[in-house]
Amino acid sequence: MDGTGSILLSVLWDTLGYWWVIVPSILLGLVVGGIPGFSAANTIIILLPLTLSMDLEMGLIFMISLYCAARMGAGIPAILVNIPGTAGAAATPLDGYPMSQQGRGQQALAISFVASVMGGLLTTLIAIAAMPILARVGFYMHSVEMIVVMLFGISLIASIAAQDLLKGLIAGFFGLMIGAIGTDTVYATPRGTFGLLELYDGVPLIPALVGLFAVSEAFIIIEKRLILTEEGAAAMAKPSWAASFEGVAITLKRWWHVVWTSILGLVIGVIPGAGASIASFVAYQQSRTFSKTPEKYGTGHPEGLIAPEAANNGVTSGTLVPLLVLGIPGGATAAIMLVVMQYHGVSFGPSLFQRNPDVAYGMFIAMAVAYVMMAFTIIPLSRYMSRVTTIPTIYLAPLIISFTLVGAFVPREYMFDMYLGLGFGVLGYIARKTGYHVAAILIGVILGPLLETYFLRALKIANGDIMVLFSSNIGNVLWVLLVLSLALPVVLDMKRRKQGVIV
């Protein structure tokens, strides 16, 4: 056995000895991930004094376990009550929530957990093996390339709009307009703030998320007795473990779908500033594009649930790559890990793997162990969690509004954000009642400002020459792939209509 193999085995053995840290971290991560506003990043910040008091190995294992579990936990309320715990799970309810309404919540949770564990484990192993290659991805992704990556995510609006083109596009453009509120990051010009200082940094994401999804959903479900449809209630009346096993089998049968969407998440995670929301939107859009049954997406289709869940867990290992190799954190949680490691005197760079191999490889081993332990911890719970959908809405709706508005307050601690969450709730309610898709609005709010920032930066560098968008070889390849991904569904639909497969 070579030196690296011995180190990996030694680190694995040491990590398993910290099971008593990993299990509580997983449970805490699942809870904070499931509450909008309580992300892994702000939980670790709150617990930073505790983390700094631990030795380095224990502190990193604690943070990584919590980080991975929070990512998975965000999908639980997204599936059961149509409320994404974080923006990274915003694409999860598109197919997860319809499954819950049909009484397949237990199956949907099992699919989500298995896809998350498989995606997280696979990308962790790939990250260990291909660290030097992956670390270079960030160097090749400049403003032009990032514009195209953003457009991949935004093009999901077109997929959502497929059912009603006009309403879908109106919702998407409305979201982009909301995303443009605030001062632009290049010229610092305020737009649409109405003099409110709270909006100068743009529309905060968490109030928009909880308002559009959670508060509006609470308004909707209060109009009926249960979340479940009549067929769903009948299905839930016969509880058994079979639904969980079916969910596991469905996911394993689509193993290739898990593989390529999780790798997509890994690559996007390596790009500093990209993150889980972009990864999940892009994965969902690409999954629908290359599906043989795109018309099933949005109706409770397992592949529409597997893609975003595998991708946003693939991001977890991706964010660690630039942190360890270059000292550049790939996301907010990785930035906090950097602080803890620097506190303990760890310096970053390629030589980290020679100087502190136990730390460098230890982070990935801890991630792999956490995912395996999550599988054994959480899949058996899917049966009991799915019972949330049977709670009468007269109790559920007030709880949803209370928890989520507190979540809207937490990130910035402004009362304004709670009012903003309520305002978005009313907006989301009107949108749902009139047939507009709130996910299309949210995509505009999340990706619009990022697209504008990269676009203005590219123009600034090129002295206003719009042709800069086609000045990069990698960018041009991505442009071609984008056009193909948009044109392919249209061509395939035409072909199927010609063959009489769809009418």
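In this text the structure is predicted, and so the values were computed from the model without any measurement. This chain uses plain numbering: 1 for the first residue, then up along the sequence.
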Is there a side-chain contact between L469 and F455, using heavy atoms and a 4.5 Å cut-off?
-> yes
Before giving the answer on side-chain contact (heavy atoms from CB on, under 4.5 Å), spell out for M374 and C68 the whole-Å C-alpha distance, their side-chain angles and the decisive distance to 0.1 Å.
-> CA-CA 9 Å; M374 268 192 275; C68 297; 3.5 Å; yes
Interatomic distance, CE@M99 vs CG@L109, rounded to 0.5 Å, equals 9.5 Å
Identify the heavy atoms of G407 and I206 that sit nearest to each other, and give their distance.
-> O-CG2, 3.6 Å
Taking the side chain from S291 and the backbone from T293, do they hold a donor-acceptor pair closer than 3.5 Å?
-> yes
Hey, are Q286 and T261 close enough side-chain-wise for a donor-acceptor pair under 3.5 Å?
-> no
Test side chain to side chain donor-acceptor pair (under 3.5 Å) applied to E309 and T92, step by step = CA-CA 7 Å; E309 285 298 289; T92 301; 2.7 Å; yes
How close do T404 and A214 get, heavy atom to heavy atom, and via which atoms?
-> CG2-CB, 3.4 Å
Beyond-backbone contact of Q106 with M385, side-chain heavy atoms, under 4.5 angstrom | no
What residues form a side-chain contact (heavy atoms from CB on, under 4.5 Å) with S317, not counting sequence neighbours?
-> T123, T124, A127, L266, F364, M367
Report yes if some heavy atom in the side chain of P93 is under 4.5 Å from a heavy atom in the side chain of P84; otherwise report no.
-> yes
Hey, could you give me the CG/CD1 distance between N312 and I278, rounded to the nearest 0.5 Å?
-> 13.0 Å
Kindly determine whether I378 and I76 satisfy side-chain contact (heavy atoms from CB on, under 4.5 Å), including the steps that lead there.
-> CA-CA 11 Å; I378 199 168; I76 297 171; 4.1 Å; yes
Of all the heavy-atom pairs spanning G448 and L176, show the shortest one and how long it is.
-> CA-CD2, 3.6 Å
S472 side chain near E145 side chain, heavy-atom distance below 4.5 Å | yes
Would you mind telling me which of T319, T43, T316 makes a side-chain hydrogen bond (donor to acceptor under 3.5 Å, both in side chains) with Y67?
-> T319
CA sep, side-chain torsions, deciding dist, call: Y454, V149, side-chain contact (heavy atoms from CB on, under 4.5 Å) | CA-CA 11 Å; Y454 286 114; V149 172; over 6 Å; no
Salt bridge (Lys or Arg N to Asp or Glu O under 4.0 Å): which pairs involve residues 248-257, sequence neighbours left out?
-> R254-E303
S10 side chain to S6 main-chain N or O, any donor-acceptor pair under 3.5 Å?
-> no
Short question: side chain of H142, backbone of V144 - any donor-acceptor pair under 3.5 Å?
-> no
Sub-3.5 Å donor-acceptor pair from the side chain of W260 to the main-chain atoms of S287, do we have one?
-> no
Measure the spacing between CE of M146 and CG of L450 and express it to the nearest 0.5 Å.
-> 7.5 Å
OH (Y284) and OG (S280) are apart, to the nearest 0.5 Å, by 11.5 Å
Are any side-chain N or O atoms of Q102 and backbone N or O atoms of T299, one a donor and one an acceptor, separated by less than 3.5 Å?
-> yes
Can you tell me if D95 uses its side chain to pair, donor with acceptor, with the backbone of G298 under 3.5 Å?
-> yes
State, to 0.1 Å, how close L212 and V438 come at their nearest heavy-atom pair, and which atoms those are.
-> O-CG1, 3.8 Å
Residues passing the salt bridge (charged side-chain N to carboxylate O under 4.0 Å, His left out) test with E57, sequence neighbours excluded, are none
Should L151 and W479 be marked as a side-chain contact (heavy atoms from CB on, under 4.5 Å) after you check the CA-CA gap, both sets of side-chain angles, and the distance that decides it?
-> CA-CA 9 Å; L151 288 175; W479 277 117; 3.5 Å; yes
Of all heavy-atom pairs linking V468 and A462, the shortest is CB-CB, 3.5 Å
In Å, rounded to the nearest 0.5 Å, how long is the span from CE of M150 to OG of S155?
-> 12.5 Å
V372: partners by side-chain contact (heavy atoms from CB on, under 4.5 Å), with sequence neighbours left out | L121, F376
What are the two closest heavy atoms between K296 and H301, and how far apart are they?
-> O-CB, 3.4 Å
Can you check whether I79 reaches I111 side chain to side chain, under 4.5 Å on heavy atoms?
-> no
Side-chain touch L320/M337, heavy atoms, less than 4.5 angstrom = yes
State, yes or no, whether a side-chain contact exists between V210 and I83 at a heavy-atom distance under 4.5 Å.
-> no
Would you mind writing out the side-chain donor-acceptor pairs for residues 16-34 within the sub-3.5 Å range, not counting sequence neighbours?
unit_1, atom_1, unit_2, atom_2, d
W20, NE1, G17, O, 3.2
S25, OG, V21, O, 2.6

Gap between atom OG of S112 and atom CD1 of I306 - 0.5 Å precision | 10.0 Å
Return the set of residues passing side chain to side chain donor-acceptor pair (under 3.5 Å) with S65 (not counting sequence neighbours), or none when no residue passes.
-> none
Any sub-3.5 Å donor-acceptor pair from N82's side-chain atoms to Y97's backbone N or O?
-> no
Side-chain contact, heavy-atom cut-off 4.5 Å: N313 with Y371?
-> yes
